[in-house]
Amino acid sequence: SAQDGATAAALIAGFSALGRIVMGHVGDRIGPAHTLILCQTISRILQMTFWPFTRKFASSLAFSSLFGFTSGGFVTLYPTSYIYGPEHLATVAGVMFSSFIPGTLVGPPIAGAILDKHTSVNGKINFLSVQIYGGCWMLALA
């Protein structure tokens, strides 16, 4: 339902906020690049092996929480001053976050077209193809 979707989205956002803080501290200890690779790897595994097999609402909430937590590290660790130096942080962050624009503009319409193709006449939606689509992009672009 729409309420269930809103709950899952709220969990992703909430755990992402927590993950940003925790992964920032982990990055201070083991290095930002290593922590970013760890976050990306766990997120990929979750998206390709856990999410497609969720059948119950509780397992969807578990996925949302875990994925939100690990994906929080993406935001925290990409524009780190450790790698490029604090004097270049604004420029590097701008370039890195601008690189997200093509995927942000093109990805959702493609996912919507895939969903339209996999929606039956009675309105039942098969999300597996979109889950695999998103997971393949996570695997390919890291």
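Computed from a predicted model, the values in this text were never measured in an experiment.
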With the 4.5 Å side-chain cut-off for hydrophobic clustering, are Phe63 and Met138 part of the same group? yes

Side-chain donor-acceptor pairs under 3.5 Å in residues 9-25, sequence neighbours left out?
from  : atom 1 : to    : atom 2 : distance (Å)
Ser16 : OG     : Arg20 : NE     : 3.4

Output a table of donor-acceptor pairs, distance under 3.5 Å, between side-chain atoms of residues 67-74 and any protein atom two or more places apart or on a different chain; print 'none' if there are none.
from  : atom 1 : to    : atom 2 : distance (Å)
Thr70 : OG1    : Ser43 : OG     : 2.8
Thr70 : OG1    : Leu66 : O      : 3.2
Thr70 : OG1    : Phe67 : O      : 3.3
Ser71 : OG     : Phe67 : O      : 2.9
Ser71 : OG     : Gly68 : O      : 3.3

Considering all heavy atoms of both residues, which atom of Thr54 and which atom of Ser60 are nearest to each other, and what is their separation? OG1-OG, 3.9 Å

Say you draw a straight line from CD of Gln47 to CD1 of Ile132; how long is it, rounded to the nearest 0.5 Å? 8.5 Å

Would you compute the distance between atom CH2 of Trp51 and atom CG of Leu128 and round it to the nearest 0.5 angstrom? 10.0 Å

Say whether Trp137 and Val106 are linked into one hydrophobic cluster, either directly or through other cluster members, by side-chain heavy-atom distances under 4.5 angstrom. yes

If I compare all heavy atoms of Leu77 with all of Cys39, which pair ends up nearest, and what's the gap? CD1-SG, 4.4 Å

Side-chain heavy atoms under 4.5 angstrom apart, residues restricted to Ile, Leu, Val, Met, Phe, Trp, Tyr: same cluster for Leu36 and Ile45? no

For residues 107-120, run the donor-acceptor check on the side chains, cut-off 3.5 Å, and write out each pair with its distance to 0.1 Å, sequence neighbours left out.
from   : atom 1 : to     : atom 2 : distance (Å)
His118 : ND1    : Ile114 : O      : 2.9
His118 : ND1    : Ser129 : OG     : 3.2
Thr119 : OG1    : Leu115 : O      : 2.5
Ser120 : OG     : Asn122 : OD1    : 2.2
Ser120 : OG     : Lys124 : N      : 3.3
Ser120 : OG     : Lys124 : O      : 3.3

Might you point out which heavy atoms bring Ser59 and Phe50 nearest each other, and give the distance in Å? O-CZ, 3.8 Å

Atom pair CZ (Phe57) and CD (Gln3), whose distance is rounded to the nearest 0.5 Å: 8.0 Å

